[in-house]
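Just below is one structure, and these are the notes that go with it.
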Amino acid sequence: MATNTRSILLLFFFFLFASQQQWLQQAQSKAHTWQEAFKALGIAWNRDGTLNRTVQIPMADATPYEDSTTPSPTVLSQDITLNWKTKATVRLYRPAVIPPKKKLPLIIYLHGGDFVLYSASTVIYHNFCNDIAAAFPAIVISVEYRLAPENRLPAAYFDGLNAVLWAQNQSLGIGGQDPWLEYADFTKTYLLGSSAGANIAYHVALQLLDYDLRPVKIKGLLMNQAFFGGLTRTQSEKNLIEDAYVPLYVNDVLWSLALPTYMNRDHEYCNPISGGSYMGRVKGLPKVYIKGDYGDPLVDRSILLAQYLQSCKVPVYYRFNQGGYHGIELQNTSAAQQLYNDMTWFVNDVYQNLNSQDLSHHHASY
């Protein structure tokens, strides 16, 4: 009887402690307001329900040709309108010097920005595409997708999908072919995304399983610090709840702006392992590269997704670095070079520095 009583008391205190921890977590998140999150993001509401994005991030013009008055660029770029009605555009990149008689892999890139901010022409993403076009080398299509909340998900997914279908039309010569895409090997097409762009790339890859893309062949999916979430906090989110780069109260507001109205963070757009329409189709994905950093509160989400993909027999190659932070490759040249090397190895089927072992020993817990 005494043992049973003690067990009951232990259970009582365990649930009391768990309840207190949950209350403290909620109190922490409630200590911040939407106004604080909007201020941190540099956004404000307009009267018509659109956002006024006040953050002044420099934009970069395309460089479609070499200018004799400036140093010769290593990469050329141009903006292409896909649909005049929806104003859908892409920015196309190619190395300035292409090896003779060689076709280059095609990289379709989705930029970051939490679904709410930035553009394909934002200078940090423009420079990133310049770098990977030169490093692989590759032809790069950077997608200008619609932003939330003016266009909530799945609008960005449709824009990514339409960019791939445009590439297919280019491969078939439908409506003519841009001369730069004559250098592309459409049978070696990869989807690449950073942060929110990685989320978009993942969902686009799943949608593409319904299409006959020939002669385009999606050979792989690359996700860098993917922007996923869920209602229940992971351990990395709890440990880094007030992270300087991705504070959780700001994350929650971003998801409220991005998700379909009345949907919560366990919707499949946010939490890809919570269920939903895609779960039975994951096994059809091509090989996947996943990169995360333990100093990023979102890292456990990438580990959990990688574990799930492995359970579905999807070939997963990954790198999880100690330390770091969200968006590190945009500020740290060593981190950027490591990412470029990994992506180059992945695209060229060289894996000596990448890990394809079982992920079950990695820490990713609720």
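- Counting only N and O atoms by type, the side chains of Thr50 and Asn46 include a donor and acceptor under 3.5 Å apart.
- Take Ile124 and apply the side-chain contact (heavy atoms from CB on, under 4.5 Å) test, not counting sequence neighbours, and it matches Thr122, Leu330.
- Below 30°, between 30° and 60°, or above 60°: for Phe346 and Tyr190 the angle between ring planes is above 60°, a perpendicular geometry.
- Distance alone, capped at 3.5 Å, places no donor-acceptor pair between the Arg233 side chain and the Gln235 backbone.
- Scored by the side chain to side chain donor-acceptor pair (under 3.5 Å) test, Asn264 finds no partners at all (sequence neighbours excluded).
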Under 3.5 Å, which donor-acceptor pairs link side chains of residues 333-340 to any protein atom two or more places apart or in another chain?
unit_1 : atom_1 : unit_2 : atom_2 : d
Gln337 : NE2    : Asn341 : OD1    : 3.0
Gln338 : OE1    : Asn321 : ND2    : 2.8
Tyr340 : OH     : Asp131 : OD2    : 2.8

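- A salt bridge does not link Asp185 with Lys102: none of the charged nitrogens is closer than 4.0 Å to a carboxylate oxygen.
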With a cut-off of 3.5 Å and sequence neighbours excluded, list every side-chain donor-acceptor pair involving residues 191-202.
unit_1 : atom_1 : unit_2 : atom_2 : d
Ser195 : OG     : His326 : NE2    : 2.8
Asn199 : OD1    : Tyr157 : OH     : 2.7
Asn199 : ND2    : Phe227 : O      : 3.0
Asn199 : ND2    : Tyr269 : O      : 2.9

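- Proximity of Thr187 to Val216: side-chain heavy atoms (C-beta onward) are nowhere separated by under 4.5 Å.
- With hydrogens and angles disregarded, a donor-acceptor distance shorter than 3.5 Å links the side chain of Asp159 to the backbone of Arg146.
- A distance of 11.5 Å separates CD1 in Ile108 from CG in Leu221, rounded to the nearest 0.5 Å.
- Using a 4.5 Å heavy-atom threshold, the side chains of Ile43 and Asn52 count as separate.
- No side-chain donor-acceptor contact under 3.5 Å links Glu237 to the backbone of Leu248.
- The side-chain contact (heavy atoms from CB on, under 4.5 Å) search around Asp61 returns none, not counting sequence neighbours.
- The side-chain contact (heavy atoms from CB on, under 4.5 Å) search around Glu182 returns Gln177, not counting sequence neighbours.
- Judged purely by atom type and a 3.5 angstrom limit, Ser236 uses its side chain to pair as donor or acceptor with the backbone of Pro297.
- Glu150 places a side-chain N or O within donor-acceptor distance of the main-chain N or O of Leu51, the cut-off being under 3.5 Å.
- Between Tyr289 and Tyr317, the gap from one ring centroid to the other reaches at least 6.0 Å.
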